[in-house]
There are 2 protein chains.
Amino acid sequence: MSTDSKARRPDTRATMRDVAALAGVGIKTVSRVINDEPNVSPATIAKVRDAAERLDYHPDLNAGNLRRTGRRTRTIGLVVGSVANPFSGAVHRGVEDTAVERGVAVFASSLDDDAAREQRIVGEMLRRRVDALILTTVRKNQSRLVAEQERGTALVFVDREPAGIDADVVVTNNAEAAAEATAHLIQVGHRRLAYLGDRRELWTAQERRRGFLDQLGAVGIPTSGVPVIEDLHTEDAAYAAVLELLDGPHPPTGLFTSQNLVTIGALRALRDRGLHRRIALVGFDDVPLGDMLEPGVTVVAQNPYDMGRVAARRAFARMDGDTGEPVRVVVPSVLIPRGSGEIPPEPA
Amino acid sequence: MSTDSKARRPDTRATMRDVAALAGVGIKTVSRVINDEPNVSPATIAKVRDAAERLDYHPDLNAGNLRRTGRRTRTIGLVVGSVANPFSGAVHRGVEDTAVERGVAVFASSLDDDAAREQRIVGEMLRRRVDALILTTVRKNQSRLVAEQERGTALVFVDREPAGIDADVVVTNNAEAAAEATAHLIQVGHRRLAYLGDRRELWTAQERRRGFLDQLGAVGIPTSGVPVIEDLHTEDAAYAAVLELLDGPHPPTGLFTSQNLVTIGALRALRDRGLHRRIALVGFDDVPLGDMLEPGVTVVAQNPYDMGRVAARRAFARMDGDTGEPVRVVVPSVLIPRGSGEIPPEPA
DNA sequence: ATGAAAGCGCTAACAC
DNA sequence: GTGTTAGCGCTTTCAT
């Protein structure tokens with residue numbers, strides 16, 4: 001691994017001017033050919049294409065966009081929790097599939113739900129003049145972006161709803177689906193439930209908690225004694241919290257876990273105590289191979305791929321000139337019973 | 001959702017010239033302040049920063065890069081199988097973590113192992129003048145990229161080794177790890193094994209198959225009668241192939257699956273036949289929650305996050321002027337026994 | 001310490 | 001059909 005400090009590339013990259021010279025035409029004619037503009041004779045087109053080929057010419061999109069009408073970079077930015085998380089990966093894929101059809105490239109970046117990182121990364125993308133930004137934000141208040149939106153950058157929030165800004169939003173039915181999960185546990189016979197949730201500051205966590213508690217209230221279960229454990233942001237934190245709950249004086253008979261890492265941590269804890277067939281669990285957000293565990297993991301599964309597709313479509317609609325009122329799209333989650341959520345409470 | 005066809009943004013974006021005018025200085029002075037160059041008086045710095053703040057000025061990186069020495073865009077491209085695949089996600093995260101430290105943005109794109117798509121996507125990235133390209137390619141021959149490499153674009157191949165080009169490569173020890181997995185099954189007592197592999201054209205699939213067969217040969221098991229089923233590219237294809245094998249006249253007592261989707265398909269097939277506790281399985285590449293299935297899934301686990309980090313570091317070393325010989329880094333896979341690979345063959 | 005002029009690679013506007 | 005000129009927003013070079 002020899003290191004040569006000042007190795008500079010020869011930068012022997014052909015420019016449009018080079019192609020024009022070789023083809024014996026003006027630079028604007030080359031531009032016309034490269035961009036498939038009309039009013040160039042077939043013979044000239046052939047000459048230019050041949051010259052471009054021989055010089056291995058590749059147009060510089062960044063240079064072209066500098067002057068081009070509308071100033072689009074044909075580039076969008078996607079900001080998610082972590083590109084290594086399956087939920088984010090599916091959103092990403094949905095966005096990408098929509099973008100690639102249009103020749104638009106996607107910058108992707110992870111936040112780890114870190115507000116400082118959010119600011120840095122959004123700044124980097126803005127400096128690169130992305131046409132649109134699709135965001136799963138940490139901070140609730142996104143008023144900093146209002147000015148950018150007014151300058152023409154399409155903004156779509158996905159998964160989490162922001163405040164302080166009017167923009168398109170694509171979310172799942174968090175509260176309703178959480179209530180449905182809770183109702184499912186209640187219907188199986190559970191009365192002693194516990195809630196295990198993500199960071200309180202996250203909008204999704206608040207919504208899911210609300211759905212859980214509202215449903216308890218709706219069927220007349222007093223919520224005062226119900227363990228509501230929050231700010232669980234990792235598998236390990238969830239694992240520890242569930243162990244503490246199980247080892248406590250009044251362990252619940254059923255668990256509602258509000259996020260996939262929390263679900264996994266809880267599953268591990270149940271297994272370590274040998275209780276995974278005796279204590280019920282319903283998780284929010286699907287878990288990889290959740291159907292192959294024993295018992296299978298009952299979840300309300302989101303549809304992250306569709307959320308990504310819808311978000312990207314909203315972004316492109318805005319870029320195409322849609323100036324209508326901000327749209328709020330709800331991509332519903334569905335309850336998938338697989339076993340863990342159908343375990344009845346133990347007779348007391 | 002009202003659509004207004006020709007809504008054009010007012011493009012009221014402040015430029016460096018605007019900031020210069022408001023601050024009452026020359027444009028070059030603004031440039032110095034924005035880029036933290038020396039030789040500006042503190043008072044001038046303050047004036048400029050204040051003006052930039054008031055205009056909500058954000059420099060245009062693409063415009064700046066046009067003239068800047070070295071012509072770096074501070075942008076790299078990552079091309080993987082699918083951003084929705086956990087292996088690719090981990091590679092991506094490794095690349096991103098390395099890039100973000102340097103203020104470099106990452107374009108990520110999925111290939112679905114489609115050669116036509118590979119060409120399109122690489123072209124899009126080149127047009128955007130990425131400083132480096134980190135690739136998990138479909139095609140073995142990558143000589144098309146030699147010219148681009150000579151023009152100064154750093155090229156790093158990750159996971160799969162290319163032909164027709166001299167470039168840095170980051171791979172796992174495919175053949176050795178496959179042999180290790182096979183040896184593991186043999187040691188448990190298996191003699192009737194089967195190989196289930198990905199598309200033959202993929203370098204990794206070839207290597208893993210070679211490791212499997214070589215190991216059988218090394219211990220004197222004749223490979224002629226061993227089922228070698230290839231070109232399994234989806235979970236469903238693997239599922240069907242394994243069912244066929246199990247329902248055949250001489251079902252194997254142990255399976256080696258050469259890729260994570262294949263492993264999952266095989267697991268489903270075994271379960272559907274109620275054989276998951278009776279037929280052994282070792283998979284290549286880890287499977288999400290593989291430790292929580294019953295039995296746990298024995299795998300040779302790759303280290304995709306490290307592969308991403310190492311690949312990105314190689315790319316940055318090249319961008320920093322390393323002109324040494326191409327480097328080949330092997331990030332080893334490790335065998336993780338969890339149960340499925342330790343099932344002994346049934347007594348005959 | 002500061003700025004004027006030239007130019008990066010391309011497209012827009014307008015000639016011919 | 002085709003070319004010329006100007007200029008996108010910035011950095012470079014070189015003067016002051």
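Every chain is numbered from 1 and lettered A, B, ... according to where its sequence line falls, protein lines coming before strand lines.
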K.L.:
Send over the distance from A/Asp18 CG to C/dC8 P, rounded to a whole Å.
P.N.:
11 Å

K.L.:
Nearest whole angstrom, please: distance from the C1' of C/dA4 to the CZ of B/Arg17.
P.N.:
12 Å

K.L.:
Salt bridge check: are B/Asp131 and B/Arg71 linked by an N-O gap of less than 4.0 Å?
P.N.:
no

K.L.:
Tell me the interatomic distance from A/Arg13, atom CZ, to C/dC10, atom P, rounded to whole angstroms.
P.N.:
10 Å

K.L.:
Distance check needed: C/dC10 P versus B/Arg128 CZ, whole Å only.
P.N.:
15 Å

K.L.:
What does B/Asn39 touch in the nucleic acid at a heavy-atom separation under 4.0 angstrom: a base, only the sugar-phosphate, or nothing?
P.N.:
base

K.L.:
Can B/Arg160 and B/Glu201 be counted as an ion pair, charged N to O under 4.0 angstrom?
P.N.:
no

K.L.:
Quick one: is B/Thr29 getting a side-chain N or O under 4.0 Å of the C/dG3 phosphate, OP1 or OP2?
P.N.:
yes

K.L.:
Would you say a side-chain N or O of B/Thr44 is under 4.0 Å from OP1 or OP2 of C/dT2?
P.N.:
yes

K.L.:
B/Leu135 and side chain to side chain contact (heavy atoms under 4.5 Å, CB included): which partner among B/Val158, B/Ile121, B/Val122?
P.N.:
B/Val122

K.L.:
Is the phosphate of C/dC8 approached by A/Thr15 (side-chain N or O, under 4.0 Å from OP1 or OP2)?
P.N.:
no

K.L.:
Do we see a donor-acceptor contact under 3.5 Å between the side chains of B/Arg128 and B/Thr73?
P.N.:
no

K.L.:
For A/Arg13, is there an ion pair with B/Glu148 - N to carboxylate O distance below 4.0 angstrom?
P.N.:
yes

K.L.:
Whole angstrom is fine here: how far is it from CZ in B/Arg74 over to P in D/dC10?
P.N.:
17 Å

K.L.:
Specify the separation, in whole Å, of atom CG of A/Asn62 and atom P of C/dT11.
P.N.:
12 Å

K.L.:
Which parts of nucleotides 11-16 of chain D does protein reach within less than 4.0 Å, heavy atoms only, written one letter per nucleotide 5' to 3' as B for base, S for sugar-phosphate only and - for none?
P.N.:
BBB---

K.L.:
With a 4.0 Å cut-off on N to O distance, would you call A/Arg127 and B/Asp60 a salt bridge?
P.N.:
no

K.L.:
Which of these nucleotides, C/dA1, D/dG1, D/dG9, is closest to any side-chain atom of A/Leu66?
P.N.:
D/dG9

K.L.:
Tell me whether B/Arg328 is salt-bridged to B/Glu161, with the criterion being a basic N under 4.0 Å from an acidic carboxylate O.
P.N.:
yes

K.L.:
Rounded to whole angstrom units, what separation is found between the CG atom of A/Asp60 and the C1' atom of D/dC10?
P.N.:
14 Å

K.L.:
Starting at atom CZ of B/Arg71, determine the distance to atom C1' of D/dC10, rounded to an integer number of angstrom.
P.N.:
12 Å

